[in-house]
Amino acid sequence: MNMIPPPPRSASSTIRGNNSRIGLTLIAIVLCLYTFGLVGSVWYLPSPTHRRRAWLRRLSSTAGNSIHLSTNGIADAGTDDKADASVPDEKEYDEEGNNSSNNNNGPIPRAQWPMSIRNEDGNFEEVIHPGHKAKGHPDVIMNVPHFWINDPVSVHQMTLMPRELAMQIGSCITPDSHGNYARGDACPVEERTIYVAIASYRDFQCRDTVTSIFARASYPERVRVGVIDQIVEGEDGACDAPYIPCKDDPNQMVCKHKDRLDVFQVEASLSIGPVFARHLGHRLYRGEYYYMQSDAHVTFTKGWDMDIISQLESTHNEMAVLSTYLSDIEGSLDKEGNSLRNTRPIMCNTDYEDGQESKYLRHGSQPEAVPTIHGSPQLQPYWAAGYSFSRGHFVVNVPYDFYQPMIFQGEEMSIGIRGFSIGYDFYAPERSVCFHHYAEGENKQKRLKVPHYWENSNQYAGSGIKAMFRLLGIVHMNPEIPSDQWDHSEEDKYGLGGVRTPELFYDVFGIDVVKKVAEQHLCKFVETGKMHNEFMKFLRPDGMGIDYGKISYRFKDNPVKSNPVDKAE
């Protein structure tokens, strides 16, 4: 491009120009100082929009005692962010919208404790917000933590995970003589770490749930809580905000244990349902020995950590996952936090329901009774999102799908069947270690006032239909839908394992995915303990799950007994 040179200047004009430049420089310096002071003064004011400057996002990425990355970590690439010289070079995105520079595909990371995402400056990646991506808005970028292990297939390798490998996942609060925090089952039970994931949407009880977790644990020092806190700043209280300042009462649980409370704050308008929120929760996992997932309005029992660990270990199944719909809080706890119940729910009541252009399996009300099996949790076919407890490798192997915006019903079938295919077995806890605050009784009026993510439905209209096609397609539940009609992005990462097939699950438990019908009264096989007694015979000698290849039983409404046959899985 040809440039036109400026005309020559006289000496007097040069002096005047120098004086002008000096004056302008002084004015510029004053304006810069004023600007930075203004930025500092408004930094903590509530943000009216999710569009933030990228340089502000990076300055805030490790500040404070909670993460708050999303309120300060959303940028609109369509604004003048790219013109800011302080923004690092643009990341390369693959066709799925993920940062292709993320190469965390190596071996299992070295275990550490204590652990916090706040200690990982730079260990974040930029992704296109999946709800906006589904709507054709690829300019809405989120800055999110990397997965502890980005590639689950590198761990389970589409086959049964060896026990030796499973023992490499899970930190202990004290290392062995070689400084290794991953000590496997040699780690004392009271020193095994627990990661608790909570997805909260504008929930005033979130901080009470966190308080209950730490206050009621026998060994709170081994517990780390990760909260995905979806709120409207200025209207909703943050999950890690104490009721009174920590300097005035440092013994509040959110103050006392703040070093092990990671809060990833997301603006409520960016909420696209529990699947994405819990996906972010999985990204906060950092190799803890156990993984627990619960809702944001739950109260725990005294000594819950030792109780639930003892229950899990009593299965003698490394692939066991304890999960259920929680009982209501009313009448369940005394003032000291001891359970008053001798009953527990069990997951066995499921049927087809009409949805957005698709039929899908949905859990109904689950039976609650005194356990039939004693001394161990009881085997069941299904998994529940409201409460789950397992070894930490469950998070690694079955991460929540990034590509399922605006999904609510179907979430549990997706995780459950994917987990089944990788070799996990689901159990109802023998004893409840926490109770749910439903919108019933004295809690009804307060709980009914809590908003729900579907207040964003208009903003993301239509994205849930495509997401449901993908969800059902991955677990082979919609054979009538051509595979080219749903998104196959990163299907290996968020897909099936190679131990069992979805078809085996449907066959064993009486589900016809073509006719969209399920055999009725499955609970008479599950709740009575028949499933547990029949299937637990085939727990592998090394405890790596139940060998379904040796099970010939198929549930029918009036089943005829069949004898198991010996065959390899």
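Residues D328 and F435 form no side-chain contact, since every pair of their non-hydrogen atoms from C-beta on lies 4.5 Å or further apart. Side-chain contact between I141 and D139: absent, with no pair of heavy atoms (C-beta onward) separated by less than 4.5 Å. Within the 4.5 Å cutoff, no side-chain heavy atoms of T299 are placed close to those of Q205. Side chains of H129 and F276 form a contact here, defined as non-hydrogen atoms less than 4.5 Å apart. Using a 4.5 Å heavy-atom threshold, the side chains of T350 and F509 count as separate. K466 is not listed as a side-chain neighbour of W486, based on a closest heavy-atom distance of 4.5 Å or more. Contact annotation: the side chain of V223 approaches that of I213 to within less than 4.5 Å [non-hydrogen atoms, C-beta and beyond]. Side-chain contact between I169 and V155 is present, with at least one heavy-atom pair separated by less than 4.5 Å.
A centroid separation of 6.0 Å or more is found between the aromatic rings of H297 and H437. For Y494 and H488, the distance between ring centers is not under 6.0 angstrom. Taking the ring centroids of F505 and Y548, they lie at or beyond the 6.0 Å cut-off.
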**Message:** salt bridge (Lys or Arg N to Asp or Glu O under 4.0 Å), that's the test. Do D295 and R278 meet it? Break it down for me.
**Reply:** CA-CA 10 Å; D295 287 336; R278 287 172 175 142; 2.9 Å; yes

**Message:** side chain to side chain contact (heavy atoms under 4.5 Å, CB included), that's the test. Do D557 and K524 meet it? Break it down for me.
**Reply:** CA-CA 9 Å; D557 197 5; K524 68 183 181 184; 3.5 Å; yes

**Request:** Before giving the answer on side chain to side chain contact (heavy atoms under 4.5 Å, CB included), spell out for V398 and I415 the whole-Å C-alpha distance, their side-chain angles and the decisive distance to 0.1 Å.
**Result:** CA-CA 7 Å; V398 198; I415 295 293; 4.2 Å; yes

**Message:** Could you go through I329 and V298, starting from their C-alpha distance and side-chain angles, then the distance that decides it, and tell me whether this counts as side chain to side chain contact (heavy atoms under 4.5 Å, CB included)?
**Reply:** CA-CA 8 Å; I329 186 69; V298 171; over 6 Å; no

**Request:** May I have the step-by-step check of side chain to side chain contact (heavy atoms under 4.5 Å, CB included) for Y291 and H282, ending in yes or no?
**Result:** CA-CA 10 Å; Y291 167 67; H282 276 199; 3.1 Å; yes

**Asked** Should D507 and R554 be marked as a salt bridge (Lys or Arg N to Asp or Glu O under 4.0 Å) after you check the CA-CA gap, both sets of side-chain angles, and the distance that decides it?
**Response** CA-CA 7 Å; D507 194 26; R554 301 295 183 264; 2.8 Å; yes

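We find that D236 and R202 are joined by a salt bridge, their nearest charged nitrogen and carboxylate oxygen being less than 4.0 Å apart. Taking 4.0 Å as the cut-off between side-chain N and carboxylate O, E534 and K537 count as a salt-bridged pair. Using a cut-off of 4.0 Å between Lys/Arg side-chain N and Asp/Glu carboxylate O, D240 and R207 are scored as not salt-bridged. Using a 4.0 Å cut-off between charged nitrogen and carboxylate oxygen, D425 and R500 count as a salt-bridge pair. Salt-bridge annotation for K493 and D151: absent, with no side-chain N of the basic residue lying under 4.0 Å from a carboxylate O of the acidic one. A salt bridge does not link E353 with K516: none of the charged nitrogens is closer than 4.0 Å to a carboxylate oxygen.
Under a cut-off of 6.0 angstrom, the local environment of CZ in F408 is sparse, with at most 12 non-hydrogen atoms contributed by other residues, nucleotides or ligands.
The two residues T301 and S432 make their nearest non-hydrogen contact at CG2-O, 3.9 Å. Here the shortest heavy-atom pairing between Q380 and Y427 reads NE2-O, 3.4 Å. Annotation for D351 and A518: closest pair OD1-CB, 3.9 Å, computed over non-hydrogen atoms. Smallest separation of non-hydrogen atoms from P502 and L496: CG-CD1, 3.6 Å. Nearest approach of F124 to H146, heavy atoms of both residues: O-NE2, 3.6 Å. Residues W148 and P109 approach most closely at O-CG, 3.4 Å, considering heavy atoms.
Here the straight-line distance linking atom CD of E480 with atom CD of Q485 works out to 10.0 Å at 0.5 Å rounding. Rounding to the nearest 0.5 Å places OG of S457 at 4.0 Å from CE of M406. Distance check: T324 OG1 to L326 CG gives 7.0 Å after rounding to the nearest 0.5 Å. Of the inter-residue distances, the one linking L312 atom CG with Y290 atom OH reads 6.0 Å to the nearest 0.5 angstrom. Rounded to the nearest 0.5 Å, atoms CE (M142) and CG (L280) are 5.5 Å apart. Here CD of Q168 is found 10.5 Å from CE of M161. Values are rounded to the nearest 0.5 Å.
When only modelled atom types and interatomic distance are considered, Q293 and Y195 share no side-chain donor-acceptor pair under 3.5 Å. Side-chain contact of Y400 with E411: a donor-acceptor pair under 3.5 Å is present, judged by distance alone. No side-chain N or O of S376 forms a donor-acceptor pair with one of T315 less than 3.5 Å apart. Side-chain contact annotation: S271 with Q230, donor-acceptor N/O pair under 3.5 Å present.
No side-chain donor-acceptor contact under 3.5 Å links N456 to the backbone of Q459. Checked by atom type and distance alone, the side chain of R224 never pairs as donor or acceptor with a backbone atom of R260 at under 3.5 Å.
Applying the side-chain hydrogen bond (donor to acceptor under 3.5 Å, both in side chains) test between R344 and each of E430, E368, Q378 identifies Q378 as the sole match.
The disulfide bond (SG atoms under 2.5 Å apart) search around C348 returns C523, not counting sequence neighbours.
Identified under the side chain to side chain donor-acceptor pair (under 3.5 Å) test for residues 386-396, with sequence neighbours left out: E318-R391, E318-H393, W383-S388, H393-Y424.
In this structure, F300 and W304 have tilted ring planes: the angle between them lies in the 30° to 60° band. Ring geometry for H132 versus H137: interplanar angle of 30 to 60°, hence tilted.
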Show which side-chain atoms of residues 467-476 pair as donor or acceptor with protein atoms under 3.5 Å away, not counting sequence neighbours.
| residue | atom | partner | partner atom | Å |
| --- | --- | --- | --- | --- |
| R470 | NE | D401 | OD1 | 3.4 |
| R470 | NE | D401 | OD2 | 2.8 |
| R470 | NH1 | D487 | O | 2.8 |
| R470 | NH1 | S489 | O | 3.0 |
| R470 | NH2 | D401 | OD1 | 3.1 |
| R470 | NH2 | D401 | OD2 | 3.3 |
| R470 | NH2 | S489 | O | 2.9 |
| H476 | ND1 | E503 | OE1 | 3.4 |
| H476 | ND1 | E503 | OE2 | 2.8 |

